[in-house]
Amino acid sequence: MRIGFIRGVGYGLLFISSLSVIFQVTVYKRWKTRDVVSFKAEDISKRENTWHHYEQKLDRYNRSLTTGQRIPPEDAAVIQKVNQTLYFTSDKVENETLGTQFLDYGRHQISYEDFLDKPSVDLTKLRANWRADARIIQNASNKKRFLTIGIPTVKREKDEYILNTVQSIVNCTTEKELAEIYIVVFLADFDAKWKEGISRQLREKFEKIISLGTLHVIQAWESFYPPLDNLKHTFVDPETKKKWRAKQNVDYAFLFLYSETLAQYYIQMEDDIYTIPGYLQAIKDYIHKFRERWVCLEFSELGFIGKLYHSDDINKLAKMVLLFYAQQPCDVTYLNFNTQMLQFKRHIRRPTIFEHVGYHSSLPGKVQPLKDRFFHSYPKTLKGATPSASVYTSMPFEGYFNPDNCYSKENGIFWSTRSGKANDWFTVAFSEPQMISRIEIETGTHTHPHDKIHYAKLEASLASQAKGPGKPECGSNKLLGYFDDGNIKVDNVQSITGRHRIHCLNIILTNKQETWVIVKEIAVFIARKRSQ
């Protein structure tokens, strides 16, 4: 009896355990399939009869999408088959929480392409030949080169910098190097009159590089841009700045997309920078220096200036910028992009080779006097007295390397834009005649030692006469000496000029030279007054 009772209890426990296992498996299965697309039993029977019809219909639909992105019809459920995703439309798909009996069938799976292929702006709207449509100057070359320099620009309320920026790049690029680069100027403003004016000036001023196919001038159409109103940002800024920043991000993305096929590398510029001769070789040398894999090399520490990428990567960068166009500026996004591409530190070449010179921002009312700490700004070392004077020269120069630089106490140099010729001159005309005891002049720099004055003399003018605005007529000249290895130092000026005051100092080239001319510093020292 006892044995029978024990056997009955055992069977009972076994039965209860079986029910528990079945219950747990059922619950687990339901939990694992909560996101499974399900159909009512009556729908499944209908589907069995019409499956072939839907398969053919949806296969044609999928093939019709030229972008490769699969978008199901409205109210469609997704059915997974082996190595294939098909879209099945059912009018009676219901939510599982309604308690209706469902049969599980397939799982809806979304790939990363569903997000990346359709960022904030729909890139699928770009036609196959959209780059030709974007060009304002049509004879630009498409042959792959070494480097693309991308420069976006918009209409500014005050100073326009774009022409000087392009001029600086051209002046600092040799004839041979011009065939290795593209300069892409993106006129990113919707003001048609302004675009017409700037493009006309670019045609007139840079006819040579246009004939070489080096200069691309492009524009975008407004339909490329996403909505720029009622933007939500992570920065607490006025609406005007939010809109300006968001549009600027889309400008960058359009420029990236246009430029990605032109060259091996792409470097981002702003429209208010200048550079130095030898910048292209400096970029090449820095690239060759790296044995490790890199994503971004930087040739300016500021903002989004001088950032170099492999052209193969800037399509990805464009998509990331578009994805966050309303949230953050591009000079934040690019750092996040570099990290996502597994570069975890910045590679900044020092000294840097691109300097920001713009004062008035493209954002109306904003001033931006930024300077690069690592740009070689050529500090003064002789520490002269620099009495008030005007400086003139017969040699052409880039606006950023004007004659005042070498005489001023501020950092900077004079740099001509052609080789020196016999009888070229450089004059310092004092506002008031000066009693000068000593003069020192240095030319060339350690980075460009050959761009010095090779053959020249220094004279002091003991008289001058104003001839209206501009350089006065300096006369009664006294020879102070000749340049030696680019420099001159006159220790006892008054032994040559006597007790006469000096009106002008004149550097006169006595022979032609093959190199450009850098005047690094002109230092004058005032004679002490004799005690009575």
Side-chain angles (χ1 to χ4, degrees), residues 146-151 161-183 206 209 214 265-289 297-308 347-358 370-381 393 395-406 408 410-420 442-453 486 513-521:
F146 176 76
L147 178 68
T148 299
I149 302 171
I151 312 173
Y161 302 104
I162 182 61
L163 296 175
N164 285 338
T165 293
V166 176
Q167 187 68 67
S168 175
I169 293 170
V170 172
N171 286 346
C172 296
T173 311
T174 66
E175 293 279 339
K176 182 179 179 182
E177 288 172 340
L178 283 173
E180 297 184 66
I181 68 169
Y182 286 116
I183 302 171
F206 302 107
I209 63 170
T214 296
Y265 299 101
Y266 174 87
I267 192 166
Q268 179 66 33
M269 291 294 148
E270 297 299 334
D271 64 353
D272 52 356
I273 62 96
Y274 73 91
T275 187
I276 60 173
Y279 76 90
L280 185 60
Q281 189 59 49
I283 291 172
K284 290 180 178 179
D285 291 344
Y286 199 58
I287 290 172
H288 293 151
K289 171 186 174 181
L297 303 181
E298 303 185 43
F299 297 87
S300 170
E301 71 156 343
L302 298 177
F304 201 41
I305 299 171
K307 313 310 179 193
L308 181 80
H347 301 305
I348 304 177
R349 181 193 184 272
R350 302 179 187 180
T352 51
I353 56 176
F354 300 103
E355 175 65 303
H356 177 261
V357 295
L370 301 175
K371 293 298 177 185
D372 191 326
R373 294 174 301 164
F374 306 121
F375 187 81
H376 205 297
S377 54
Y378 307 104
K380 298 294 192 294
T381 58
T393 184
M395 292 175 278
F397 57 89
E398 179 63 51
Y400 314 118
F401 297 110
N402 62 74
D404 293 325
N405 287 349
C406 59
S408 167
E410 302 296 326
N411 294 342
I413 59 174
F414 166 79
W415 204 337
S416 71
T417 56
R418 65 159 168 79
S419 302
E442 292 184 352
T443 69
T445 64
H446 75 278
T447 55
H448 297 84
H450 300 296
D451 286 3
K452 61 188 177 183
I453 291 178
Q513 62 184 60
E514 297 300 320
T515 61
W516 293 4
V517 174
I518 292 176
V519 181
K520 182 175 179 288
E521 187 171 359

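Between the SG atom in Cys172 and the CG atom in Leu280 there is a gap of 11.5 Å [rounded to 0.5 Å]. Residue Ile283 holds its CD1 atom at 11.0 Å from CD of Glu180, rounded to the nearest 0.5 Å. A distance of 13.0 Å separates NE2 in His450 from CD in Glu514, rounded to the nearest 0.5 Å.
Proximity of Tyr266 to Leu147: side-chain heavy atoms (C-beta onward) are nowhere separated by under 4.5 Å. You'll find the side chain of Ile181 reaches within 4.5 Å of the side chain of Thr214, heavy atoms only. Considering only heavy atoms from C-beta on, Ile267 stays 4.5 Å or farther from Tyr265 through its side chain. For the pair Tyr161 and Glu270, the minimum side-chain heavy-atom distance is 4.5 Å or more. Contact check for Phe414 versus Asn402: no side-chain heavy atoms found under the 4.5 Å cut-off.
Glu521 and Thr381 make their closest contact through OE1-N, 3.0 Å (heavy atoms, listed as atom of the first residue, atom of the second, distance). Among all heavy-atom pairs drawn from Thr275 and Ile353, the shortest one is OG1-O, 2.9 Å. In plain terms, the two heavy atoms of Trp415 and Asp451 that are nearest each other are NE1-OD2, 3.2 Å. Of all heavy-atom pairs spanning Val519 and Cys406, the tightest one is O-CB, 3.1 Å.
Listed by chain and number, the residues in a ring pair (Phe, Tyr, Trp, His ring centres under 6.0 Å) with Phe304 are Tyr252, Tyr334 (sequence neighbours excluded). Gln281 meets the side chain to side chain contact (heavy atoms under 4.5 Å, CB included) test with Lys284, Asp285; sequence neighbours excluded. Applying the side-chain hydrogen bond (donor to acceptor under 3.5 Å, both in side chains) rule to Thr173 yields the partners Tyr279; only residues at least two apart in sequence or on another chain are considered. Residues passing the side-chain hydrogen bond (donor to acceptor under 3.5 Å, both in side chains) test with Lys452 are Asp485, sequence neighbours excluded. Every side-chain hydrogen bond (donor to acceptor under 3.5 Å, both in side chains) that Gln513 has, sequence neighbours left out, goes to Thr515.
Screening Ile273, Thr165, Asp272 for a side chain to side chain contact (heavy atoms under 4.5 Å, CB included) with Ile151, the sole residue that qualifies is Thr165. With Glu298 as the partner, the side chain to side chain donor-acceptor pair (under 3.5 Å) test is satisfied by one option alone out of Lys307, Arg349, His347: Lys307.
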Q: Evaluate the criterion side-chain contact (heavy atoms from CB on, under 4.5 Å) for residue pair Ile183 and Phe206; output intermediate values, then yes/no.
A: CA-CA 11 Å; Ile183 302 171; Phe206 302 107; over 6 Å; no
Q. Which is it for Ile149 and Tyr182 under the side-chain contact (heavy atoms from CB on, under 4.5 Å) test, yes or no, and what are the steps along the way?
A. CA-CA 6 Å; Ile149 302 171; Tyr182 286 116; over 6 Å; no
Q | Ile518/Trp516 under side-chain contact (heavy atoms from CB on, under 4.5 Å): CA gap, chis, key distance, verdict | A | CA-CA 7 Å; Ile518 292 176; Trp516 293 4; over 6 Å; no
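Checked against the 6.0 Å centroid criterion, the rings of Tyr274 and Phe354 do not qualify as a close aromatic pair.
In this structure a side-chain-to-backbone donor-acceptor pair under 3.5 Å is present from Ser416 to Val517. Side-chain atoms of Thr443 come within 3.5 Å of backbone N or O of Ile453 as a donor-acceptor pair. A donor-acceptor contact shorter than 3.5 Å is absent between the side chain of Asn405 and the backbone of Gly412.
For residues 169-179, every residue pair satisfying the salt bridge (Lys or Arg N to Asp or Glu O under 4.0 Å) rule, not counting sequence neighbours, is listed here: Glu175-Lys208.
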